[in-house]
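All values reported here derive from a predicted model rather than from experimental measurement. Atoms within a ligand are numbered from 1 in the order they appear, just like the ligands themselves.
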Amino acid sequence: AKVLELKDIQLTYGTKGRDVLALQNVNLDIEEGEFVSILGPSGCGKSTLLKIIAGFIEPTDGSAQIDGSEINGIDWNRGVVFQQPALYPWLTVEQNVHFGLKMRKKEDKETVRYFLDKIGLSQFMKSKPYELSGGMKQRAAIARVLVNNPRVLLMDEPFSALDALTREQMQNLLRDIWRETKKTIIFITHDVDEALLLATKVIVMSRRPGRIVKELLPTFTNHIT
Ligand code: ADP
Ligand code: ADP
């Protein structure tokens with residue numbers, strides 16, 4: 001089934017008479033369970049596209065639909081992970097993940113622990129973010145959105161700030177989560193190898209104006225095990 005449908009999306013940032021056309025004529029269909037990478041150089045509108053899908057901003061023109069209805073603001077069904085994990089420094093890992101829940105109840109402790117275990121953070125649940133490596137912090141940020149069982153996972157260069165080895169571990173982890181949960185994932189990267197490694201579909205964007213120039217289906221996916 002189709003989850004996301006973008007039709008003729010245009011997005012102009014208006015900055016005091018100097019308009020920036022960030023996206024033009026963007027058309028995109030995403031099916032349930034797809035792992036879509038959005039690839040392109042800095043400034044081509046990748047983050048802008050993700051922000052529209054997340055409901056942070058509205059397109060200037062065109063239509064953006066999830067499950068057949070127009071995207072209207074932020075929704076717990078779309079979990080967003082950024083390059084910087086932005087955890088509360090005064091809360092433990094467990095408390096940070098609990099804080100991500102849509103409705104916070106004491107009973108949700110089990111849900112939180114289940115996801116901490118899944119993501120390999122059990123032994124750090126009582127730690128504070130400053131005690132964690134970059135990869136571990138990013139695991140916490142991913143667990144924080146997974147606890148809500150979002151339908152779509154939106155990720156904006158989540159591994160770009162990590163060292164090569166940690167990045168590879170995180171790619172494997174994300175691949176495992178995707179295989180197990182069959183969630184729809186939209187993953188921004190400017191790294192061609194990463195895009196081809198992870199995705200079932202790669203969307204290539206170009207700049208001036210920001211637009212989609214190619215859609216390709218990697219033929220050699222699943223080679224991380
Ligand atoms: P990417 O994520 O591919 O690097 P962005 O979506 O961040 O690209 O940016 C696309 C274009 O829109 C760039 O030219 C950028 O400078 C511009 N832009 C992004 N955010 C804003 C903003 N809030 N106001 C004005 N221009 C912006
Ligand atoms: P990234 O390239 O990692 O997605 P950002 O989304 O923070 O980084 O910014 C992308 C581009 O958008 C940058 O060139 C930045 O200068 C521009 N930009 C972001 N926010 C604004 C803003 N409020 N006004 C103007 N330009 C912006």
Side-chain angles (χ1 to χ4, degrees), residues 3-30 34-66 70-75 78-86 134-135 137-138 141-142 144-145 150 152-164 166-167 170-171 174 178 183-218:
V3 176
L4 181 78
E5 183 171 28
L6 303 179
K7 271 195 198 148
D8 288 327
I9 296 285
Q10 184 174 320
L11 191 291
T12 306
Y13 288 109
T15 326
K16 301 216 163 99
R18 286 204 51 192
D19 287 354
V20 178
L21 182 57
L23 293 174
Q24 191 174 51
N25 297 123
V26 171
N27 289 284
L28 180 62
D29 281 358
I30 294 178
E34 275 193 291
F35 192 136
V36 178
S37 280
I38 299 180
L39 178 70
S42 182
C44 70
K46 303 184 295 298
S47 292
T48 300
L49 188 59
L50 200 88
K51 285 172 192 168
I52 290 171
I53 300 168
F56 298 159
I57 56 176
E58 263 181 61
T60 315
D61 209 349
S63 132
Q65 298 193 335
I66 292 258
E70 211 65 27
I71 292 172
N72 180 21
I74 296 164
D75 194 293
R78 300 188 294 275
V80 189
V81 176
F82 301 97
Q83 187 174 328
Q84 298 302 330
K137 277 189 258 203
Q138 203 53 296
I142 295 169
R144 187 175 53 186
V145 299
V152 183
L153 203 52
L154 302 171
M155 310 184 88
D156 193 347
E157 307 229 8
F159 309 145
S160 298
L162 304 174
D163 64 84
T166 307
R167 174 188 266 233
M170 295 302 289
Q171 289 167 343
L174 183 62
W178 174 72
K183 278 190 194 308
T184 308
I185 299 182
I186 303 177
F187 184 98
I188 291 183
T189 181
H190 58 251
D191 181 334
V192 180
D193 293 334
E194 186 171 64
L196 291 172
L197 190 70
L198 290 171
T200 55
K201 181 153 90 188
V202 179
I203 306 293
V204 185
M205 294 183 68
S206 185
R207 43 192 288 182
R208 303 221 171 106
R211 63 198 189 281
I212 293 173
V213 288
K214 209 181 202 60
E215 262 192 49
L216 53 102
L217 307 173

Could you tell me whether a side-chain N or O of Gln138 sits under 3.5 Å from a main-chain N or O of Phe82, the two making a donor and an acceptor?
yes
When you compare ligand 1 with Val20, is there at least one nitrogen or oxygen pair between them that comes in under 3.5 angstrom?
no
Does some non-hydrogen atom of Gly14 fall short of 4.0 Å from ligand 1?
no
Under 3.5 Å, is there a donor-acceptor pair linking the side chains of Tyr13 and Thr60?
no
Which of the numbered atoms in ligand 1 are below 4.0 angstrom from a heavy atom of Ser42?
4 (O)
Would you say Thr189 and Glu194 are linked by a side-chain donor-acceptor pair, where the criterion is simply a distance under 3.5 Å?
yes
What are the atoms of ligand 1, with element, lying closer than 4.0 Å to any heavy atom of Pro41?
3 (O)
Check whether any heavy atom of Gly210 sits under 4.0 Å from an atom of ligand 1.
no
I'd like to know if the side chain of Thr200 and the backbone of Phe35 have a donor-acceptor N/O pair within less than 3.5 Å.
yes
Can you tell which of Val80, Ile186, Val81, Ile188 makes a side chain to side chain contact (heavy atoms under 4.5 Å, CB included) with Asp156?
Ile188
Step by step, work out the side-chain hydrogen bond (donor to acceptor under 3.5 Å, both in side chains) result for Gln10 and Gln24.
CA-CA 5 Å; Gln10 184 174 320; Gln24 191 174 51; 5.0 Å; no
Taking the side chain as everything from C-beta on, heavy atoms only, tell me whether Lys46 gets closer than 4.5 Å to Met205.
yes
Would you say Gly40 touches ligand 1, if touching means a heavy atom closer than 4.0 Å?
no
Shortest reach to atom 6 (O) of ligand 1 by a heavy atom, considering only Asp156, Thr48, Ile52, Ile188
Thr48
So if I count the atoms of ligand 1 from 1 in the order they appear, which ones are less than 4.0 Å from some heavy atom of Ser47?
1 (P), 2 (O), 6 (O), 7 (O)
Those atoms of ligand 1 less than 4.0 Å from some heavy atom in Lys46
1 (P), 2 (O), 3 (O), 4 (O), 6 (O), 8 (O)
Considering both backbone and side-chain atoms of Gly45, is one of its nitrogen or oxygen atoms within less than 3.5 Å of a nitrogen or oxygen in ligand 1?
yes
